[in-house]
Amino acid sequence: MHYRLLSALVASAAVTAVEAVEAAAAAAATYDYIVVGSGPGGGPLAANLARAGYSTLLIEAGGDEGDNPTYRDIQNFNEAANDEASRWDFWVKHSDDPERELKFGHTTYDTGDGTFYIGTKPPAGAKHLGIQYPRAAVLGGCAMHNGAVCSLPQDDDWNLIVKATGDTSWEASKMREYLKRIEKNDYLPAGNAAHGYTGWLATSVGDASFAKNVSLPGTKILRKLAELTGQDPDAVGTLVNSDILGDYKNRDEISSFYNMVSHADSQGKRSSPNNYIRATLADPAKYPLTVKLHTLVTKVLFTNSTGGMANAPPRAIGVEVMEGASVYKADPKHIAGTKGPVSQILAKREVIISGGAFNSPQILKLSGIGPREELEKFKIPVVKDLPGVGERLADNYEGSILALGAVPVDSGLITLIFRTPSAPTKNRNIFTWCGAFSFEGFWPGFPAYYGPNQWTCAMVHIGPKSQRGTVKLTSADPQDVPDINFNFFKDNGATDLHELVEAANLLRESWKSAGAPATPFQELHPCPGELGKSANCTDAAQAEFFKLQAYSHHASSTCAIGGDDDKLAVLDSKFRVRGVSGLRVVDASAFPVVPGAFPVLPTMMLSAKATEDIIADAKKSS
Ligand SMILES: Cc1cc2nc3c(=O)[nH]c(=O)nc-3n(C[C@H](O)[C@H](O)[C@H](O)COP(=O)(O)OP(=O)(O)OC[C@H]3O[C@@H](n4cnc5c(N)ncnc54)[C@H](O)[C@@H]3O)c2cc1C
Ligand SMILES: *[C@@H]1O[C@H](CO)[C@@H](O)[C@H](O)[C@H]1NC(C)=O
Ligand SMILES: *[C@@H]1O[C@H](CO)[C@@H](O)[C@H](O)[C@H]1NC(C)=O
Ligand SMILES: *[C@@H]1O[C@H](CO)[C@@H](O)[C@H](O)[C@H]1NC(C)=O
């Protein structure tokens with residue numbers, strides 16, 4: 001499979017973009033707060049701090065694509081994630097076994113002639129890049145190119161922060177208040193106590209009326225799935241409208257269909273931090289928010305003394321930046337050797353890092369905060385030896401079963417969260433969505449189209465037992481991309497793989513009920529051949545398939561919150577970087593574990609909580 005690299009074509013466009021950098025933030029200007037990164041963690045936080053009256057500078061490496069239909073219209077999410085206007089390609093590893101890496105079906109090579117080769121039989125001389133892990137460098141972060149799927153973490157995911165740190169403000173019941181604060185519900189009648197209606201984040205659902213038509217193959221599959229997951233097959237027509245963000249007793253233990261919720265309005269327009277930031281800038285109240293686009297933060301600046309006190313911890317006083325579009329080498333538009341002007345910007349109160357799970361640990365390390373040995377290797381002066389920075393990288397494992405119906409499989413989208421028999425707790429462990437699409441992970445040009453008969457159940461595994469991934473520097477150069485190894489399945493991998501296999505077996509079983517003319521299905525993977533007839537479709541063979549072909553896009557936990565006794569804790573329960581002052585990390589890297597099945601909504605909730613914590617501290621100190 002070949003896909004064109006567009007870099008050469010867009011090089012001239014990139015130059016125009018540099019000239020369009022907002023002139024607002026003059027070098028050495030001083031703000032109360034500097035927030036680095038405008039994604040779900042940093043974007044809403046910066047807007048909120050400005051709305052609370054604090055002068056705030058939001059620095060974003062990318063530009064603003066808010067009016068671009070590729071980003072604005074939610075149906076274009078696959079194009080958005082492939083779009084060179086915002087794309088940062090991280091070429092990651094899933095393990096430290098080079099042979100295993102080469103077996104990933106969509107591993108990617110640079111052919112040297114301006115194209116990628118994707119697959120396991122590269123042409124001679126092609127340079128192996130790795131597994132593409134897309135990120136959006138754009139105002140609004142990955143919430144601008146993502147699938148916009150919203151779900152809540154498991155209550156345990158919040159409550160374990162209480163257990164680790166003793167901070168009861170993280171209790172799951174309290175975290176719902178942040179959902180209510182940010183949400184502008186566009187799918188339920190006003191007054192539902194579980195929801196908010198006046199926030200900035202629009203939430204909406206799709207049309208699930210197909211499930212009322214019992215003669216559709218999709219509905220027949222639904223009915224079988226109901227039977228297999230302890231739900232009433234005769235009630236699927238209403239069960240598919242269950243509220244995935246609802247407040248149910250023991251919700252995490254209930255296998256249930258849902259109507260998928262998106263962070264978009266009911267007209268299909270994406271709702272993200274981009275909208276909120278722009279609304280904040282445009283507000284007649286003239287909130288003191290400055291947004292500096294196309295600017296890469298290269299490090300945090302520190303001073304040794306706090307108000308003249310001896311032995312005070314180093315204090316963050318600002319950031320160093322490099323201006324220019326595409327100065328980071330993950331940007332496919334980057335032109336080798338290009339640099340931008342470097343300057344310093346100061347913060348009176350705090351610096352908040354929200355660069356996402358790959359860039360926040362990189363920024364901390366470049367600033368001298370991280371494992372001493374790694375920093376010394378690159379001659380970075382150690383400000384604070386913090387061994388957990390860039391560790392604990394984890395992600396939801398994802399896999400799919402993909403087949404071709406005998407004819408197109410008429411169905412709407414099926415969304416189901418369920419528990420497989422070997423799940424370690426009473427909690428559900430698989431989030432699946434099934435329909436007439438294909439989704440097999442990420443590579444340049446994804447997804448593949450298998451024709452109108454394609455049928456998939458995409459699975460997101462909840463609660464990975466391994467958190468051994470790492471983000472490590474490759475140099476002290478902030479334009480360089482770090483080395484990212486997820487170390488998939490390193491701890492208790494067989495257990496997680498077994499859960500995925502159990503899920504695949506259950507989902508496959510339901511497909512048999514689709515009925516003629518949709519059946520028989522021809523399965524493409526994990527068990528190639530006529531569905532249910534493959535002699536090779538053993539649990540072991542499927543586990544091996546998922547081990548080699550699992551993918552992911554919900555990275556978290558590289559600057560994790562943890563207790564005082566936790567050597568790998570990077571943050572305390574108020575997002576403060578341990579061992580220094582005036583510095584916090586607020587984004588998906590702060591989660592101690594992967595939050596549920598989809599991180600974007602949890603990250604926005606966490607950001608709303610951080611707003612409150614930061615403003616509370618500001619009030620104490622002034
Ligand atoms: C293709 C794709 C689809 C996804 N689909 C879903 C989904 O459907 N549902 C879901 O819940 N999650 C989804 N996710 C994941 C979700 O979008 C992310 O978990 C979430 O956006 C993380 O937010 P964040 O604030 O931690 O980081 P990010 O969203 O990555 O934002 C970080 C921001 O910081 C900027 N930045 C980084 N470094 C610097 C620097 N040095 N200087 C200046 N700026 C910098 C970046 O440009 C970026 O804008 C998806 C992710 C991808 C990649
Ligand atoms: C149900 O689906 C069948 C098959 O597509 C179609 O012929 C029929 O009109 C549908 N019924 C309703 C009530 O929409
Ligand atoms: C902080 O103190 C250390 C050790 O005394 C010194 O090497 C470093 O340069 C100082 N840093 C700043 C920013 O003053
Ligand atoms: C089983 O796998 C073997 C080896 O990959 C292959 O040759 C054979 O055709 C497969 N059989 C079926 C029924 O899929």
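All ligand and atom numbering here is 1-based and tracks the order in the structure.
Note on ring orientation: taking the six-membered ring where Trp is involved, the planes of Trp88 and Tyr328 are tilted (angle from 30° to 60°). Classified by interplanar angle (parallel below 30°, tilted 30° to 60°, perpendicular above 60°), the ring pair Tyr187/His195 is perpendicular. Taking the six-membered ring where tryptophan is involved, the planes of Trp433 and Phe437 are essentially parallel, since the angle between them stays under 30° and well short of 60°.
Which parts of ligand 1 touch Gly141 is read off a 4.0 Å heavy-atom cut-off, strictly below it: atoms 29 (O), 31 (O), 48 (C), 49 (O). Here is the list of ligand 2 atoms found below 4.0 Å of a heavy atom in Leu216: 2 (O), 4 (C), 5 (O). Using a 4.0 Å cut-off to heavy atoms of Gly41, the atoms of ligand 1 that qualify are 25 (O). Counting atoms of ligand 1 from 1 in the listed order, those under 4.0 Å from a heavy atom of Thr295 are 42 (N), 43 (C). Listed by number with element, the atoms of ligand 2 under 4.0 Å from a non-hydrogen atom of Ser215 are 1 (C), 2 (O), 3 (C). In the vicinity of Val138, heavy-atom distances shorter than 4.0 Å reach the ligand 1 atoms 47 (O), 49 (O). Those atoms of ligand 1 that come under 4.0 Å of a heavy atom in Asn359, given as number and element, are 37 (C), 38 (N). Annotation for ligand 2: atoms under 4.0 Å from non-hydrogen atoms of Asp410 are 5 (O). Contact atoms of ligand 1 toward Val297: 40 (C), 41 (N), 42 (N), 43 (C) (distance under 4.0 Å to a heavy atom of the residue). Residue contact check: His553 has heavy atoms under 4.0 Å from atoms 2 (C), 3 (C), 4 (C), 5 (N), 14 (N), 15 (C), 50 (C), 51 (C), 52 (C) of ligand 1. Distances below 4.0 Å separate heavy atoms of Ser354 from the following atoms of ligand 1: 32 (C), 33 (C), 34 (O).
For the pair Phe446 and ligand 1, the shortest N or O to N or O distance does not fall below 3.5 Å. Considering backbone and side-chain N/O of Leu296, none are found under 3.5 Å from N/O of ligand 1. Below 3.5 Å of separation, one finds no N or O of His145 facing any N or O of ligand 1. For a threshold of 3.5 Å applied to N or O pairs, the pair formed by Pro599 and ligand 1 contains at least one separation below that value. For Ala81, no nitrogen or oxygen atom sits less than 3.5 Å from a nitrogen or oxygen atom of ligand 1, counting backbone and side chain alike. At a 3.5 angstrom cut-off on N or O pairs, Cys142 counts as close to ligand 1. At a 3.5 angstrom cut-off on N or O pairs, Val36 does not count as close to ligand 1. Backbone and side-chain nitrogen or oxygen atoms of Gly140 are examined, and none is located within less than 3.5 angstrom of a nitrogen or oxygen of ligand 1.
The two residues Arg251 and Gly246 have their closest heavy-atom pair at CD-O, 3.9 Å.
Heavy atoms of Phe442 approach ligand 1 to within less than 4.0 angstrom. Residue contacts with ligand 1 leave out Phe77, since none of its heavy atoms falls under 4.0 Å from the ligand. For the ligand labelled ligand 1, residue Ala136 lies inside the 4.0 Å heavy-atom shell.
Under the disulfide (SG to SG under 2.5 Å) criterion, Cys142 pairs with no residue at all, not counting sequence neighbours.
Within 4.0 Å of atom 7 (O) of ligand 2, not a single protein heavy atom is present.
Looking at His263, His553, His554 one by one, the single match for ring-ring contact (aromatic ring centres under 6.0 Å, His included) with Phe598 turns out to be His554.
Residue, atom and distance of the protein heavy atom nearest to atom 35 (C) of ligand 1 are Glu60 OE1, 3.5 Å.
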